[in-house]
Number of protein chains: 4
Amino acid sequence: MSMPAENIDIDTNIKEEKKEFHPGRPRSEKSRKAILDATRRLLTHMPLSELSIEAIAKKAKVGKTTIYRWWPSKAAIAMEAFLEQPGVQNIIPTTATSEEAIEKQLESLIRQLRGQNGRIIAGIIAESQGSADVLDLLYDKFLKDRVSPLHDHIEKGKADGIFKKELNTEIALDMLVGPLFLRVLSGEHGIDNIFAESYPAQALLALKV
Amino acid sequence: MSMPAENIDIDTNIKEEKKEFHPGRPRSEKSRKAILDATRRLLTHMPLSELSIEAIAKKAKVGKTTIYRWWPSKAAIAMEAFLEQPGVQNIIPTTATSEEAIEKQLESLIRQLRGQNGRIIAGIIAESQGSADVLDLLYDKFLKDRVSPLHDHIEKGKADGIFKKELNTEIALDMLVGPLFLRVLSGEHGIDNIFAESYPAQALLALKV
Amino acid sequence: MSMPAENIDIDTNIKEEKKEFHPGRPRSEKSRKAILDATRRLLTHMPLSELSIEAIAKKAKVGKTTIYRWWPSKAAIAMEAFLEQPGVQNIIPTTATSEEAIEKQLESLIRQLRGQNGRIIAGIIAESQGSADVLDLLYDKFLKDRVSPLHDHIEKGKADGIFKKELNTEIALDMLVGPLFLRVLSGEHGIDNIFAESYPAQALLALKV
Amino acid sequence: MSMPAENIDIDTNIKEEKKEFHPGRPRSEKSRKAILDATRRLLTHMPLSELSIEAIAKKAKVGKTTIYRWWPSKAAIAMEAFLEQPGVQNIIPTTATSEEAIEKQLESLIRQLRGQNGRIIAGIIAESQGSADVLDLLYDKFLKDRVSPLHDHIEKGKADGIFKKELNTEIALDMLVGPLFLRVLSGEHGIDNIFAESYPAQALLALKV
DNA sequence: AGGTAACCGAGACGGTACGTCACGTCTTTAC
DNA sequence: GTAAAGACGTGACGTACCGTCTCGGTTACCT
C-alpha cells in the first residue's frame with residue numbers, strides 16, 4: 001500500500017479536557033444525524049457517484065450550507081456515515097500469533113466490506129481518483145487502522161520463519177488486501193460467500209513457506 | 001476476478017468477407033482520430049472525472065452529436081484512446097512454462113499500467129462504480145484479454161506441481177492482479193520502480209510450493 | 001394592406017411554350033407529393049412552429065436534401081401544401097355589384113380560413129415575423145389574389161355612392177380583412193359559426209353610407 | 001376579439017398589506033433589470049424568433065436558471081420588457097363621449113405599437129401561434145386593458161344612436177383593432193405616418209350612422 | 001448503346017440552443 | 001454563530017434540428 005503519510009489529529013485528545021469557548025449557536029447534533037442518516041438511506045438506492053449534496057439536504061431537511069460547513073465533499077459524508085454504523089468499527093485483537101492475527105483481520109475486513117458497505121467504500125475509492133483529498137481521507141479514516149497493523153504481523157511472521165523471507169513486506173501487504181478491494185470494485189458479485197469463507201486461509205497459504 | 005462471462009462476437013470473422021452496405025455518408029475517420037487525440041491530450045492535464053464531453057468536442061473541433069453517436073460514455077472514449085496507443089496492445093507469448101508465461105504477462109501489464117496510462121485505467125475503474133456498462137466495457141476491452149490467460153497458466157502450474165495445489169485458482173488470479181490495480185488506484189506513487197521490477201517474481205513466489 | 005410590391009413571375013407564360021432542356025434525372029413527382037402529404041398530416045397534430053423538416057423527411061421517406069432542393073423554408077412547404085388542397089383555390093366572381101363581389105370574396109376567404117386551414121395560415125404569418133422571405137411568400141401566393149381584388153370594388157363602391165367617400169381605400173381594405181386575420185390568430189375559437197355567418201354583411205355595413 | 005375570459009387577481013390589493021414571509025435569499029432586482037434590459041437591447045437587433053434565452057443570459061451576465069426560474073418563455077420576458085418601458089402604460093381617459101374615448105384609445109394604441117415596440121408585439125403574436133400560454137399572456141397582460149374598454153364605448157355609442165345599431169359589438173371591436181394588428185404584422189412599413197394620423201377618425205367613420 | 005448530369009435515399013457532419021441538474025456561494029430571517 | 005431556505009452565476013449534461021456534405025444508386029435525354 002503506497003498511501004500518504006500519517007496525519008495525526010493532535011486535537012483529538014485535547015478536546016475532552018479543554019472546554020473551548022464557542023460563541024454563538026452550537027452545532028446541531030440533530031442536523032448532523034439527519035444528514036448522515038439521509039446519506040445512508042440514499043446510498044441504498046444509488047451509487048455514491050449519483051448521490052448529490054442537494055438530495056441529501058432535501059432528504060435531511062437541512063440547508064446545503066450546513067453540509068458544506070462541516071464536510072468537504074460527499075465522499076467525506078459517506079465515509080462518516082459508513083464508519084458510524086455498527087459493525088464497521090475496527091477491533092484490533094490483542095494477543096495472537098501472526099498467522100491468527102492476519103486471519104482475524106482479514107475476516108474482519110471482509111465483514112466490513114460485504115454488501116452495501118462495500119459499495120460505499122467502492123464509491124469512495126472511485127471519488128478518490130479525482131481528488132487527492134478524498135484519497136487522504138480514505139487512508140486516514142479507513143485504511144490506516146485496518147491495513148497497517150498487518151504490516152507488523154507480516155514482518156513478525158517472516159522473522160519467525162513462518163512466512164517466506166524473500167517476500168517484500170510492502171508487496172505482501174498488497175497481496176493480502178489487493179484481492180479484497182478488487183472484488184469490492186467488481187460490482188454485484190464482488191465478495192461472494194465462497195470468497196468470504198476461503199479467502200483468509202488462502203491468503204495466508206500464499207505467504208507461508 | 002468475478003467478471004461477466006465471455007461474450008464471443010461471432011460476426012468478427014464474417015466482417016472481413018461480407019462488405020456490408022451502409023447507406024448515407026460514411027463515418028469520418030478524421031473526426032474519430034481528432035476525438036481520441038483530444039481525449040488523450042486532455043487526460044494528461046486532468047483526471048477522467050474532470051474531463052467533459054464538451055471539452056473534447058471543443059478541442060477536437062467536432063460536434064457533440066458526433067461523439068454521442070459513436071461512444072456511450074466518456075469512459076468508452078477513454079478506453080478506446082487508451083487502447084489505440086502504441087505499447088498497450090496485449091501480446092500473448094507463444095511457448096513458455098507456466099511460470100515464465102505468468103511472469104511475462106505481469107511484466108506486460110505493469111508496462112501498460114505505469115504512469116499516464118495507469119491513471120486512465122484508474123479513471124475508468126472509478127467511472128465503472130456508477131455504471132454497469134462501463135464495468136462490462138472494462139472487462140471486455142481490457143481485462144478479458146490480459147487477465148484471463150493467467151487463469152490457465154495457474155491451473156497448469158498447479159497440475160505440474162510447481163504451484164500450491166490447495167490454492168483456489170480464482171483467488172490466486174485475484175492475488176496476481178489485485179496488487180497491481182491497488183497500486184494503480186493509489187495515486188501518484190502508484191507503480192514505482194521498485195514495485196515494477198520486483199513484483200512479477202514476488203507474485204510467483206507466493207504461488208510456488 | 002401595406003404589402004410588398006408585386007413580383008411578377010415573368011417565366012410563368014414562357015414555361016408552357018418553351019420546353020427547356022433539363023439534362024439529368026427529372027424531379028420526382030412522387031417525392032413532391034409525399035412531402036406535401038406528410039406536411040399536411042403532421043400539421044393536423046402540431047402547429048407549424050413545432051413542425052421540423054426532419055420530421056417531414058422521415059414521414060415522407062425522403063432525403064432532407066430533396067426538401068431543401070425545392071423549398072426554401074418550412075413555411076413555403078406549408079404554403080404549397082395548403083394551396084394544393086381542394087377548396088382553397090380562389091375563384092374571382094365574374095359579374096356582380098361591388099357590394100356582392102365583396103360579400104362573396106369575404107365568404108370565400110372565411111371558408112378558406114376556417115378550422116385546420118386557418119391554423120396553417122396563422123403559422124405562416126407567425127413564421128413571417130422572423131423572415132422577410134416568408135412575408136413575401138405570404139403576399140405573393142395567398143394575399144395578392146384574395147385581398148387585392150377587394151381594393152377595386154371598394155373604389156367602385158365609393159364612386160357609385162354606396163360606400164362612404166371619406167374612407168381611405170387602403171384603410172377600408174384593412175378594415176375588411178383585419179378582423180378576419182385577427183380571429184385566425186386568436187386560437188381555437190378563432191372563426192366561429194356566428195362570426196362566419198354574420199361577418200360579410202357586418203363588414204359591408206361598416207363601409208356603407 | 002375572441003379572447004379568454006377575465007381572470008381577476010383577487011390578491012392584488014391584499015399584497016400591499018400582508019407582507020408574506022419568504023424564507024431564503026430574496027429575488028435579485030439587479031438581475032431582473034439586467035435581463036429585461038438585455039432583452040430590450042437584443043430585440044433592437046433581431047426579431048423575437050431569433051432571440052435565444054442563452055443570448056439574454058450571456059448579455060445580462062446572468063445564469064440561465066435565473067431566467068427560467070422567473071419566466072416561462074422568451075415571449076414572457078419580451079412582454080415584461082415591453083410593458084416596463086415608458087410610454088406603453090395604458091391610461092384610461094376618465095370622462096369623454098364614446099366617440100372621443102374610442103378615438104383617444106386608438107391613438108394611444110397606435111402610439112404603443114409603432115416602430116420597435118410594434119415589432120415586439122408582432123413577435124409575441126407569432127410565438128403565441130405555437131403556445132396557448134403565450135396567447136393567454138398576450139391577452140392578460142396587453143389586450144385586456146387596452147382592447148376591452150372599447151367594448152363598452154361601442155355599446156354606449158350604439159345606445160346613444162351615434163353608431164349603427166345593427167353592428168354586432170364583438171365584430172365592431174374586431175374592426176377597430178384588426179387593422180392595427182394587421183399593420184403591425186405587415187413588416188417594416190407597418191404603421192406609417194399616414195395610417196397613424198388618419199386611422200382613428202377613419203375607424204370611427206365606419207361605426208357611425 | 002453509352003455518356004452525361006441532375007436527381008434520389010440515407011445518414012453523418014459541425015453547429016446552436018434547448019431546458020435541466022448540481023455545483024458551491026451568497027443573502028435573508030430566525031433561533 | 002449556526003440554522004433553514006432558497007436565489008445566485010456557472011458549466012455540463014444529453015437531445016433535437018439546423019442546413020450542408022458525401023456516399024451509392026437511379027433515371028432521363030443526347031449523342
Side-chain angles (χ1 to χ4, degrees), chain A residues 22-28 30-32 34 50-58 60-70 72-74, chain B residues 21-28 30-32 34 50-58 60-70 72-74, chain C residues 19 21-28 30-31 34 50-58 60-70 72-74, chain D residues 21-32 34 50-58 60-70 72-74:
Chain A
H22 286 289
R25 183 174 175 174
R27 179 174 181 182
S28 161
K30 191 180 151 198
S31 292
R32 190 187 142 274
E50 281 176 26
L51 180 67
S52 72
I53 302 267
E54 290 204 335
I56 298 172
K58 196 172 179 183
K61 297 193 178 183
V62 139
K64 273 199 289 177
T65 342
T66 305
I67 298 178
Y68 284 110
R69 210 190 324 273
W70 301 107
S73 63
K74 65 181 174 185
Chain B
F21 173 58
H22 283 288
R25 184 176 175 174
R27 179 175 183 180
S28 161
K30 192 179 151 197
S31 292
R32 192 189 139 272
E50 282 177 24
L51 181 66
S52 73
I53 304 261
E54 264 180 13
I56 297 172
K58 196 173 180 179
K61 297 189 179 187
V62 140
K64 269 200 288 178
T65 341
T66 303
I67 299 179
Y68 284 109
R69 194 176 296 121
W70 301 108
S73 64
K74 65 182 175 183
Chain C
K19 275 191 186 176
F21 168 53
H22 285 291
R25 183 176 176 175
R27 179 174 183 180
S28 160
K30 191 182 152 198
S31 292
E50 280 176 26
L51 181 67
S52 74
I53 302 269
E54 291 205 335
I56 297 172
K58 196 174 179 181
K61 297 190 180 186
V62 139
K64 274 200 288 176
T65 338
T66 305
I67 298 178
Y68 283 111
R69 195 177 292 121
W70 302 108
S73 63
K74 65 180 174 184
Chain D
F21 172 56
H22 283 289
R25 182 176 177 173
R27 177 173 183 182
S28 162
E29 182 60 19
K30 193 180 149 196
S31 292
R32 193 188 139 273
E50 281 177 25
L51 181 66
S52 74
I53 303 263
E54 264 180 11
I56 297 172
K58 196 172 181 180
K61 297 190 178 184
V62 140
K64 269 200 288 179
T65 344
T66 303
I67 299 178
Y68 284 109
R69 201 180 344 261
W70 302 109
S73 63
K74 64 181 175 184

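Chain identifiers are assigned alphabetically (A, B, ...) following the order of the sequence lines, protein sequences preceding nucleic acid strands; residue numbering begins at 1 within each chain.
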At under 4.0 Å between heavy atoms, which parts of nucleotides 25-31 of chain F does protein reach? Answer with one letter per nucleotide, 5' to 3': B base, S sugar-phosphate only, - none. BBBSSS-

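Taking the ring axis of C/Trp70 as reference, the NZ or CZ atom of C/Arg27 stays within 45° of it and closer than 6.0 Å to the ring centre.
The side-chain hydrogen bond (donor to acceptor under 3.5 Å, both in side chains) test applied to B/Ser28 returns B/Ser31, not counting sequence neighbours. Taking the side chain to side chain contact (heavy atoms under 4.5 Å, CB included) definition, one finds that C/Arg25 meets it with nothing, sequence neighbours left out. The salt bridge (charged side-chain N to carboxylate O under 4.0 Å, His left out) check on A/Glu54 picks up A/Lys64, with sequence neighbours excluded. Here A/Ala55 pairs with A/Leu42, A/Ser52 under the side chain to side chain contact (heavy atoms under 4.5 Å, CB included) rule; sequence neighbours left out. With sequence neighbours left out, the side chain to side chain contact (heavy atoms under 4.5 Å, CB included) criterion links A/Ser73 to A/Ala75, A/Ala76, A/Val134.
Closest-nucleotide positions on DNA chain F for A/Lys61 and D/Arg27 were compared, and the one nearer the 5' end corresponds to A/Lys61.
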Under 3.5 Å, which N/O atoms of the protein pair with N/O atoms of nucleotides 13-16 of chain F?
from, atom 1, to, atom 2, distance (Å)
F/dC13, OP1, B/Ile53, N, 3.0
F/dC13, OP2, B/Ile53, N, 3.3
F/dC13, OP2, B/Glu54, N, 3.0
F/dG14, OP2, B/Tyr68, OH, 2.5
F/dG14, N7, B/Lys64, NZ, 3.0
F/dG14, O6, B/Lys64, NZ, 2.7

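Rounded to an integer number of Å, the gap from CD1 of B/Ile56 to P of F/dG11 is 18 Å.
Protein chain A contacts DNA chain E from E/dA22 to E/dC31, reading 5' to 3' and using non-hydrogen atoms of the protein with a distance under 4.0 Å.
At least one side-chain nitrogen or oxygen of A/Trp70 sits closer than 4.0 Å to the OP1 or OP2 atom of F/dA3. For D/Thr66 and F/dA7, the shortest distance from a side-chain N or O to OP1 or OP2 is not below 4.0 Å.
Here the closest non-hydrogen pair linking C/Ala34 and C/Ala60 is O-CB, 3.5 Å.
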